[in-house]
Structures are given as C-alpha cells and as structure tokens.
Amino acid sequence: MDPSQNKRTTFDIIVVGAGASGMMASLAAAGKGASVLLLEKMERPGRKINITGKGRCNITNTAPLSAFLEKTGPDPKFLRNVFSRYFSQHIIDFLNQQGVDTVEERGGRVFPVSNRATDVTETLINALRKEGVTIISRCRVSGILVENGCIFGVETADGEQYTAQRVILTTGGASYPGTGSSGDGYQMLRQAGHHITPILPALVPLNTKGDLAEKLQGVSLKNVTASVWMGGKKLGEEFGEMLFAHFGLTGPIILTLSRRFAVELTKPEGMSVHIDLKPALDHKRLDERLLREINENGARQVQNMVRTLLPASMVELCLNQLDIDPFKPAHQLKGDERKRLRNWLKEFCFDVKGVRGFSEAIITKGGVSTREIDPKTMASKKIKGLFFAGELMDVDADTGGYNLQIAFSTGWVAGEAAAIM
Ligand SMILES: Cc1cc2nc3c(=O)[nH]c(=O)nc-3n(C[C@H](O)[C@H](O)[C@H](O)COP(=O)(O)OP(=O)(O)OC[C@H]3O[C@@H](n4cnc5c(N)ncnc54)[C@H](O)[C@@H]3O)c2cc1C
C-alpha cells in the first residue's frame, strides 16, 4: 500500500515488522487514536503466522495464568503484568468478533475451527485496514534513528527515512528466516547500545550420531519418556510423543527438551538422549511382564512376542542390536537376553550431535534483554520512544500456543503504551 494514498506523510507511531506482535501493536495503537505506519520486509504481512501449527495456527492456550507462566522463560515474572492486561481470552474474543470461530483441543490448545492459519492472518490484516493503519510491504528497515537518547524514526535499506517520535520494533527472532524473521532487529539494537542475550535455536529437532534414527525414519512413539544425559548425569526428561527422522530425533517432547537445554546443546559433546519405551513399568514390573509373555506364549517366535511391546517397525532393529535370534521360540530366550531386552526397552540411547539450526527452529531463544525493557509498557529503558514486542525480546515458551500469545500480548501492551505516551 502506498502511504501517499492516505494523504499522510507523518505518523505518530512506526511499527517495524508485520508479524503477530507487530500487527497487534499496530491495532492497539490505532485503537487509541494514533496514526500508525507498519513497515514489513516481505511482500505480505504474517508469513510466519501462516505456517504456525502446521498451517492450522495454534493461536493460544487456555491454561490459567500461573500454569501458562510456567511454560515461559527465561523470566516469567516479566510477562505477568502483560498477561494480566491482555491474555488468551482477549485474542479468542477478538478473533471470534471478527468472524473467526475457534476451538479448544487437547491440552488447552486453541485453533481456528477452519483449521486455516491464513484466516487468522487475513483477519488481522482486515482489522488493520479498518483501523486505518498504513502498511508498506517489501520495505526492509535497516536502522533506527536516535538522537540524544530519543528515537525519531527509521531508515530503510533503500535509503528512505520515515520519522516518528515513537517506534515499536517487532522484527521477530532468527528462526525460519524464509518468513522474513532473519534477526535484523538484533543488529539494529546492538548498534543502538541495547544488550542482546545470546540467540539460540530452540524448539528444534536434534541431529544424532550413527544411522540408528535414519533406520527408524518415520516411526512415531506415543507415551514414552525421553531424557537428556550429559556425562552420566540426567539433565531432565519429558513424557509424550516423539518421532524418528533421517537426521535424528524430533516431535513434541524432543522439541521441548531442545528449548530447556538450548544452552547445553551448544556444546553437545558427551550428550545423549535415552528413550524409555515403557515408562509405566519399572525394571521389575517389565521383567514380570516379559516372563508372563514367555510363560503364556512360549511357543511364539521372539519377534512376535516383542511385537506386543514395540511398534512393528522397530522389532527387527531391536533384536538385531541385541543380537537375539528373532525366529526362536520365546521360551528359549535366555535370562541374559531377557535382561538386555528389558534394558533396551527402558533405555534406547542416541548420542547427540547437535541441533538442526535456525532454519528448522520453531523459536529463537535469547534477544533484547528484558532488564532493559519496562515490563508495564514494553518501552526501552535506554532509548526514549522505542518499544519492543514479540520474539525479538528475550522471551520464549514451549509449544502449545504460548509463543503466539506472548507476541499478541506484548504487542498489545506496547501498542497501547506507545499511543498514550
Ligand atoms: C513452523 C513454525 C510453527 C509455529 N507454530 C506455532 C503455533 O502453532 N503456536 C504458537 O504459539 N507459536 C508458533 N510458532 C512460533 C510463533 O510463530 C512465533 O513465536 C511468533 O510468530 C512470533 O511473532 P513476532 O511478531 O514476534 O515475530 P514474527 O512473526 O517472526 O514477525 C516478524 C516480522 O517482522 C518482519 N521483519 C523482520 N525484519 C524486518 C525488517 N528489517 N524490516 C521490516 N520488517 C522486518 C518479518 O518479515 C516478519 O513479518 C511457530 C513458529 C514456526 C517457525
């Protein structure tokens, strides 16, 4: 859109980056009567929203505040005030009022009934138009303009300058750079004197050593526990679903572990992931179960017995690794073989090589230090008139709709605060 069409050349507020947080910040500011210019690098706003939730957009999570905050980091206190002002029910109500019906699924996850993430993006764009926000696409901001500690505008890669006394930076993180979020904001802010805590890929699949995972590519596991170990010490574990891929491990619990141990994963030497395929049974109970299988169906081949304990596609690999004859009758399984089978089922191990990188990371950990941001307004404590929202800041969360809610909530608070400053 050409700003001259609006016959306006100066704006109260410039918002940089039309993702979830930038669009919400623009709406909130315009709703308070401010004139808003929204600059977006890509050809259309909201490219990342369009790919969220595998194209379905897990908009938010209905978890109560304290449980919600537990899913966020690194400083959940920073978000408490923000969520007390704009939370899950606000975004649900907003979308419902705009004609996007929503549905709550397992674990409090909220999706559009249409299962189309693009409905969320289009609704936000339409609302921006209704509020009179001027959007300029294909406009990459390259720097912020600061004088005597006050912001007065932004500069674009084409050498244009747009002036405003308030600027909200919402350029997102560095993950999935094809969506436009390629870490531009960090560079601009470092130059302006802000501290950026180290940025790391998180909610990201893991590369593992050897070809074990590749052999199981496509196999998914439910109700298993995956634990991360470093030099003989267990760092933590998650229970749920995971998946084997040609490069290693992925799926919900692996992604969650990658966020929790993002820092440790920068030096993965000596790190391994152990999968407990039978977490409901301790060693003793599992042994009793194996003995029962052998006693009740001793004539059955070992491979058929193991099939009752594992997905069929894992049985051959399991017995191969344990060097157990798959065709012999189960009653011929020796005590030592039974023990090795039990240990394998409780601790299927993978050595970790590292993470897949920003191109496959759902989020970026790290960003503008929250110590330099007023938690009530999202205003910079260093540069007057500068505000932040979304993933650009050092805030992150697990999968489940938490990250988009952070973007919507911080966007809303920044937009309102900038408008009334
Ligand atoms: C594959 C995938 C699936 C996901 N699924 C979910 C999910 O279902 N639920 C959930 O809660 N979270 C999900 N997330 C995370 C969520 O999408 C992000 O946390 C959220 O979009 C962050 O919003 P943001 O506004 O801070 O940044 P972004 O959405 O990344 O928006 C930043 C915008 O700024 C623009 N920009 C960047 N630099 C410049 C510049 N120099 N000049 C102008 N514009 C610029 C970008 O083009 C972009 O449009 C997913 C992420 C990915 C990658």
Side-chain angles (χ1 to χ4, degrees), residues 14-26 37-61 68 71-72 88 91 105 108-112 115 117 120-121 124-125 135-144 154-158 160 162 167-189 201-205 252 255 259 358-365 367-368 378 388-393 395-412 414-415:
I14 296 172
V15 180
V16 183
S21 62
M23 287 198 272
M24 191 49 91
S26 302
L37 172 64
L38 174 57
L39 302 175
E40 167 56 42
K41 170 174 153 178
M42 305 302 277
E43 68 288 352
R44 265 184 83 71
R47 279 210 43 189
K48 191 171 272 181
I49 298 177
N50 291 344
I51 59 162
T52 55
K54 299 197 171 92
R56 297 178 62 217
C57 187
N58 182 186
I59 303 158
T60 185
N61 195 290
F68 198 111
K71 300 285 187 181
T72 70
S88 45
I91 184 68
E105 296 188 2
R109 292 159 197 254
V110 179
F111 293 87
N115 283 327
V120 175
T121 309
L124 287 164
I125 296 173
I135 306 172
I136 306 183
S137 298
R138 294 194 189 88
C139 175
R140 186 166 80 78
V141 170
S142 54
I144 52 173
V154 300
E155 193 165 43
T156 72
D158 297 337
E160 295 250 13
Y162 294 95
V167 172
I168 309 176
L169 267 193
T170 54
T171 49
S175 58
Y176 274 76
T179 61
S181 333
S182 49
D184 296 2
Y186 306 129
Q187 192 53 26
M188 292 183 226
L189 290 166
L203 298 182
V204 62
L255 299 188
R259 174 179 168 256
F358 281 113
S359 61
E360 292 179 40
I362 303 278
I363 56 159
T364 303
K365 213 173 158 62
V368 185
M378 300 294 113
F388 309 102
E391 209 174 304
L392 172 66
M393 304 185 291
V395 287
D396 58 71
D398 281 346
T399 56
Y402 304 101
N403 285 294
L404 274 175
Q405 185 65 52
I406 291 175
F408 291 134
S409 295
T410 55
W412 180 264

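By convention here, the first residue in the shown sequence is residue 1. Since the model is a prediction, treat every value here as computed from it, not as a measurement. We count ligands from 1, going down the list as the structure has it; atoms in each ligand are counted the same way.
The contact set between ligand 1 and Tyr402, taken as ligand atoms under 4.0 Å from a residue heavy atom, comprises 11 (O). The atoms of ligand 1 that sit less than 4.0 Å from any heavy atom of Met188 are 41 (N). Here is the list of ligand 1 atoms found below 4.0 Å of a heavy atom in Thr170: 32 (C), 33 (C), 34 (O). Taking every heavy atom of Ala407 and a limit of under 4.0 angstrom, the matching atoms of ligand 1 come to 23 (O). Under a 4.0 Å criterion applied to the non-hydrogen atoms of Asp184, ligand 1 contributes the atoms 38 (N), 39 (C), 40 (C), 41 (N). Taking every heavy atom of Gly390 and a limit of under 4.0 angstrom, the matching atoms of ligand 1 come to 26 (O). Heavy-atom proximity to Asn58, at under 4.0 Å, picks out these atoms of ligand 1: 7 (C), 8 (O), 9 (N), 10 (C), 11 (O). Which parts of ligand 1 touch Thr179 is read off a 4.0 Å heavy-atom cut-off, strictly below it: atoms 47 (O).
Considering backbone and side-chain N/O of Ile59, none are found under 3.5 Å from N/O of ligand 1. Looking at ligand 1, you'll find an N or O of Ser181 within less than 3.5 Å of one of its N or O atoms. For ligand 1, the polar-atom distance check against Gln405 finds no nitrogen or oxygen pair separated by under 3.5 Å. An N or O contact shorter than 3.5 Å is missing between Gly46 and ligand 1 by distance. Note: an N/O pair closer than 3.5 Å links Ser21 and ligand 1 by distance alone. Considering backbone and side-chain atoms alike, Leu404 places an N or O below 3.5 Å from some N or O of ligand 1. Close N/O approach between Ala361 and ligand 1 is not found [any backbone or side-chain N/O within under 3.5 Å].
Side-chain atoms of Leu392 and Leu189, non-hydrogen and from C-beta on, do get closer than 4.5 Å to each other.
Within the 4.0 Å heavy-atom shell around ligand 1 one does not find Ser175. In this structure, Met42 counts as a contact residue of ligand 1, since one of its heavy atoms falls inside 4.0 Å of the ligand. Using a non-hydrogen distance threshold of 4.0 Å, Cys139 registers as a contact of ligand 1.
Nearest non-hydrogen protein atom to atom 2 (C) of ligand 1 is Ile362 CD1, 3.8 Å. At the top of the distance list for atom 48 (C) of ligand 1, counting protein heavy atoms only, stands Glu40 OE1, 3.6 Å. Scanning the protein heavy atoms around atom 53 (C) of ligand 1, the nearest turns out to be Tyr176 CD1, 3.2 Å. Nearest to atom 36 (N) of ligand 1 among the protein's heavy atoms is Gly180 O, 3.9 Å. Distance from atom 5 (N) of ligand 1 to its nearest protein heavy atom, with residue and atom name: Gly53 N, 3.1 Å. The protein heavy-atom contact nearest to atom 31 (O) of ligand 1 is Gly19 CA, 3.3 Å. For atom 34 (O) of ligand 1, the nearest non-hydrogen atom of the protein is Gly17 CA, 3.2 Å. The protein heavy-atom contact nearest to atom 13 (C) of ligand 1 is Thr52 CG2, 3.8 Å.
Of all non-hydrogen atoms in Glu43 and Arg47, the two that sit nearest each other are OE2-NH1, 3.5 Å. For Met188 against Val141, the heavy-atom pair with the smallest separation is CE-O, 3.2 Å. Across all non-hydrogen atoms, the minimal contact from Tyr402 to Ala397 is CB-CB, 3.5 Å. When all heavy atoms of Arg259 and Asp398 are compared, the pair lying nearest together is NH1-OD1, 2.8 Å. Across all their heavy atoms, Cys57 and Ile49 have their closest contact at SG-CG2, 4.3 Å. Closest of all the heavy-atom pairs between Ser88 and Gln405 is CA-OE1, 3.3 Å.
By heavy-atom distance, the residue among Gly172, Pro177, Ser359, Ala25 lying nearest atom 27 (O) of ligand 1 is Gly172.
Side-chain atoms of Ser182 do not come within 3.5 Å of backbone N or O of Ala174 as any donor-acceptor pair. Although no hydrogens or angles enter the test, the distance criterion places no donor-acceptor pair under 3.5 Å between the side chain of Asn115 and the main chain of Arg56. Judged purely by atom type and a 3.5 angstrom limit, Asp396 has no side-chain atom pairing as donor or acceptor with the backbone of Lys365. Judged purely by atom type and a 3.5 angstrom limit, Asn58 has no side-chain atom pairing as donor or acceptor with the backbone of Phe111. Ser359 contributes no side-chain N or O that, together with a main-chain N or O of Tyr176, makes up a donor-acceptor pair within less than 3.5 Å.
Here the rule is side-chain contact (heavy atoms from CB on, under 4.5 Å) with Ile362, and of Ile51, Val204, Leu203, Thr52 only Leu203 fits it. Just one of Asn403, Thr60, Ile91 meets the side-chain contact (heavy atoms from CB on, under 4.5 Å) condition when paired with Phe408; it is Ile91.
The CD atom of Glu391 lies 4.5 Å from the OG atom of Ser175; values are rounded to the nearest 0.5 Å.
Residue contacts with ligand 1, taken as heavy atom pairs separated by less than 4.0 Å, involve Glu391 via backbone and side-chain atoms alike.
Residues forming a side-chain hydrogen bond (donor to acceptor under 3.5 Å, both in side chains) with Lys71 (at least two apart in sequence, or on another chain): none.
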